[in-house]
Chemist: 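Take this structure, written in structure tokens, and hold onto it; I'll ask about it next.
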Amino acid sequence: MPELPEVETVRLGLQRLLPKRRIQAVDFDTPKSFPNAPSDVREFLVSATIMQVRRRAKVLMIDLSSEYSLVIHLKMTGQLVFRGAESFGAGHPNDSLIGELPDKSTRITLTFKDGSKLFFNDQRKFGWMRLLPTIEIPNIDFMQRVGPEPLSADFTAEIFINRIMRRKNTSIKAAILDQTVLAGVGNIYADESLFAAGIHPASLVRDIPKSKLKTLHTEIIAVLTLSIEKGGSTDRNYVNVEGKRGSYIDFAKVFRRESLPCPVCKHDIIKIKVAGRGTHVCTTCQKLYKGKSA
DNA sequence: CACTTGACCTGTCCGC
DNA sequence: TGCGGACAGGTCAAGT
């Protein structure tokens, strides 16, 4: 659920709210959510000041004055919600989708010296937060293997095509979901960008003309950019740091629109399974490329 | 090595 | 209304 646009929206909110705040305490329920040793937490987290908030792929990094960083992955249902000191006692903000915090899905709470708090909620407990030396982040396995940022200026169509061809014998959907090919695309934006490019998600990479792959490169960038403008997609769980929804889902052409008319040709959108994921497709607008046969 | 499937979890929804 | 099962999907480990 949180894909690149959702994680970037959270990053923008955290970058606005967190720098210069000093951590007073951390509370967490399970070691799985926050596996660091208590001695490291005391030494490198408590009393540290937040410097900046960065993102790489779907991973957030909160850099601390201790030269450690909180590295965070929201996975499917993770949420980071900030509440200022004034939000407590008098109740929570009325326009938040999230009620009183902490609640039953709160895994980690960071409390700052000024009384404000950052809550890490995660219904399904797949997400995590880890304290690592800032300088070591580029060395962790995921950072070593993850592909280029699709919204960076040097992510050209040529680079995209070269990287996608590493997965030439699999479906195009599986290929763009592969974080080692490019960073940040998940199920929503895979379906939306493939619709925009007119490619059936089950098409094998090797069968798709280069010109179509070039179109897909353009559409991936367009879809991700529009979604960041809309504050991401709130399908089920996703909210921003204020607990508010993103509106991109209102602009989605196929995602979660099965049995509704295609906005272009009016034929019904169907839902199938591709690469083990629920996949939304308009079989009229999206061509299934298959081999050399006609 | 390339690729696919299952596991990790919990809440929701659907059919009986 | 209760209950079992399918489903949701990011990533990694295990399997083919």
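The chains referred to below are lettered A, B, ... by the order of the sequence lines, with proteins before strands, and numbering in each begins at 1. Just the heavy atoms: all of them, side chains too, but no hydrogens, waters or symmetry mates, feed the values below.
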Chemist: A:Gly276 near the nucleic acid: base, sugar-phosphate alone, or nothing, with a heavy-atom cut-off under 4.0 Å?
Modeler: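 Result for A:Gly276 = nothing.
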
Chemist: Check the surroundings of atom CD in A:Glu158: do more than 12 heavy atoms from other residues, nucleotides or ligands lie under 6.0 Å from it?
Modeler: no

Chemist: Just the rounded figure in Å: distance from P of B:dC13 to CD of A:Glu258.
Modeler: 14 Å

Chemist: Report each atom pair, protein N/O against N/O of nucleotides 2-4 of chain B, whose distance is under 3.5 angstrom.
Modeler:
unit_1: B:dC3; atom_1: OP1; unit_2: A:Asn169; atom_2: N; d: 2.9
unit_1: B:dC3; atom_1: OP1; unit_2: A:Asn169; atom_2: ND2; d: 3.4
unit_1: B:dC3; atom_1: OP2; unit_2: A:Arg166; atom_2: O; d: 3.2
unit_1: B:dC3; atom_1: OP2; unit_2: A:Arg167; atom_2: NE; d: 3.4
unit_1: B:dT4; atom_1: OP1; unit_2: A:Thr170; atom_2: OG1; d: 3.3
unit_1: B:dT4; atom_1: OP2; unit_2: A:Thr170; atom_2: OG1; d: 2.6

Chemist: Using a cutoff of under 3.5 Å, can you pull out all pairs of nitrogen or oxygen atoms linking the protein to nucleotides 7-10 of chain B, with atom names and distances?
Modeler:
unit_1: B:dC9; atom_1: O2; unit_2: A:Arg124; atom_2: NE; d: 2.6
unit_1: B:dC9; atom_1: N3; unit_2: A:Arg124; atom_2: NH2; d: 3.3
unit_1: B:dT10; atom_1: OP1; unit_2: A:Lys125; atom_2: NZ; d: 2.9

Chemist: So, A:Phe155 versus A:His217, ring centres under 6.0 angstrom or not?
Modeler: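 For A:Phe155 and A:His217, the ring centres are under 6.0 Å apart.
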
Chemist: Would you say C:dG10 has OP1 or OP2 under 4.0 Å from some side-chain N or O of A:Gln179?
Modeler: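 Answer no for this pair, as no side-chain N or O of A:Gln179 is under 4.0 Å from OP1 or OP2.
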
Chemist: Could you tell me whether a side-chain N or O of A:Gln24 sits under 3.5 Å from a main-chain N or O of A:Lys113, the two making a donor and an acceptor?
Modeler: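 Pair absent, no side-chain N/O of A:Gln24 close to backbone of A:Lys113.
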
Chemist: Rounding to an integer number of angstrom, what distance separates B:dA7 and C:dG5 when you compare their P atoms?
Modeler: 16 Å

Chemist: With a 3.5 angstrom cut-off on both distances, give the Watson-Crick or G-U wobble partner of C:dC3, or none if there isn't one.
Modeler: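 The base-pairing partner of C:dC3, which may sit in any strand shown, is B:dG15.
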
Chemist: Mind checking the P distance from C:dG9 to B:dC3? Whole angstroms is fine.
Modeler: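 Each nucleotide's P atom is 23 Å from the other's.
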
Chemist: Expressed in whole Å, how much space separates the P atoms belonging to C:dC3 and B:dC9?
Modeler: 25 Å

Chemist: Just one of A:Thr134, A:Ile62, A:Ile137 clears the side-chain contact (heavy atoms from CB on, under 4.5 Å) bar with A:Val71, so which one?
Modeler: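 For A:Val71, the side-chain contact (heavy atoms from CB on, under 4.5 Å) check succeeds only for A:Ile137.
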
Chemist: Do A:Glu242 and A:Arg16 sit within salt-bridge range, that is, some charged N less than 4.0 Å from a carboxylate O?
Modeler: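 Looking at A:Arg16 together with A:Glu242, the answer is yes, because their closest N to O distance falls below 4.0 Å.
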
Chemist: C:dG9 phosphate, OP1 or OP2: any side-chain N/O from A:Lys58 under 4.0 angstrom?
Modeler: no

Chemist: So A:Tyr189, base contact, sugar-phosphate only, or nothing? Heavy-atom distance under 4.0 Å.
Modeler: nothing

Chemist: Could you measure between the two C1' atoms, the one in B:dG6 and the one in C:dA6, and give it in whole Å?
Modeler: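 These two C1' atoms come out 15 Å apart once rounded.
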
Chemist: Measure from CG on A:Asp178 to C1' on C:dT11 and round the result to the nearest Å.
Modeler: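 Value for this atom pair: 11 Å.
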
Chemist: Between atom OG of A:Ser152 and atom CD1 of A:Ile221, what is the distance when rounded to the nearest 0.5 Å?
Modeler: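 That separation rounds to 8.5 Å.
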
Chemist: Does a side-chain N or O from A:His73 land closer than 4.0 Å to OP1 or OP2 of C:dT11, or not?
Modeler: yes

Chemist: Answer yes or no on whether A:Lys117 is positioned over the face of A:Phe112, meaning its NZ or CZ is under 6.0 Å from the six-membered ring centre and within 45° of the axis.
Modeler: no

Chemist: Starting from A:Tyr189, can I reach A:Leu177 by hopping between I/L/V/M/F/W/Y residues whose side chains sit under 4.5 Å apart?
Modeler: no

Chemist: Decide, yes or no, whether a salt bridge links A:Asp191 with A:Lys173 under the criterion of side-chain N to carboxylate O below 4.0 Å.
Modeler: yes

